[in-house]
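Take a look at the structure set out below.
Values below: every heavy atom of this structure, side chains too, minus hydrogens, waters and symmetry copies. For the single chain, residues carry numbers from 1 onward in sequence order. Given the structure is predicted, the values throughout are model-derived calculations rather than measurements.
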Amino acid sequence: MKYLNYILIIFGAFVAMYAKAGADKNQYLLIGGIVCLVIGVYRISKTIPSKHDKEDNDDFENN
């Protein structure tokens, strides 16, 4: 499942660059690529724990 996030990011970046570089700049293709890129980054960022949550848990355990 982790690899799906990386595939979304790479695919979205590739599609967005392709849509922007072409002479016939297709706006819908560019938007689709950016959406895939953002979804991939969002899914990865959900798995990263918050720094503040760790500090709160450490303070609770010490008391």
Side-chain angles (χ1 to χ4, degrees):
M1 196 63 159
K2 170 174 78 169
Y3 295 111
L4 177 65
N5 299 334
Y6 296 121
I7 290 171
L8 278 172
I9 290 172
I10 292 169
F11 177 74
F14 178 74
V15 169
M17 287 188 292
Y18 174 77
K20 191 69 174 168
D24 182 30
K25 297 179 181 173
N26 190 348
Q27 295 296 319
Y28 295 113
L29 193 60
L30 178 63
I31 291 170
I34 291 172
V35 166
C36 286
L37 181 66
V38 168
I39 289 172
V41 170
Y42 171 73
R43 289 174 52 117
I44 286 178
S45 69
K46 283 195 323 185
T47 62
I48 299 172
S50 175
K51 178 181 174 184
H52 298 293
D53 289 343
K54 185 177 184 312
E55 289 175 354
D56 291 342
N57 289 340
D58 289 342
D59 290 341
F60 180 71
E61 291 173 358
N62 290 336
N63 290 333

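Shown here are the side-chain contact (heavy atoms from CB on, under 4.5 Å) partners of I44, two or more places apart in sequence or in another chain: N5, Y6, I9. Residues passing the side-chain contact (heavy atoms from CB on, under 4.5 Å) test with I39 are L8, V35, R43, sequence neighbours excluded. Applying the side-chain contact (heavy atoms from CB on, under 4.5 Å) test to F14 and every residue at least two apart in sequence or in another chain returns nothing.
Screening residues 28-40 for side chain to side chain donor-acceptor pair (under 3.5 Å), with sequence neighbours left out, gives no hits.
Membership of the apolar cluster around I34 extends to L30, V38, as traced through chained side-chain contacts below 4.5 Å between ILVMFWY residues.
G12 and C36 get closest at one heavy-atom pair: CA-CB, 3.8 Å.
Going from atom OH of Y18 over to atom CG of N26 covers 9.0 Å, rounded to the nearest 0.5 Å.
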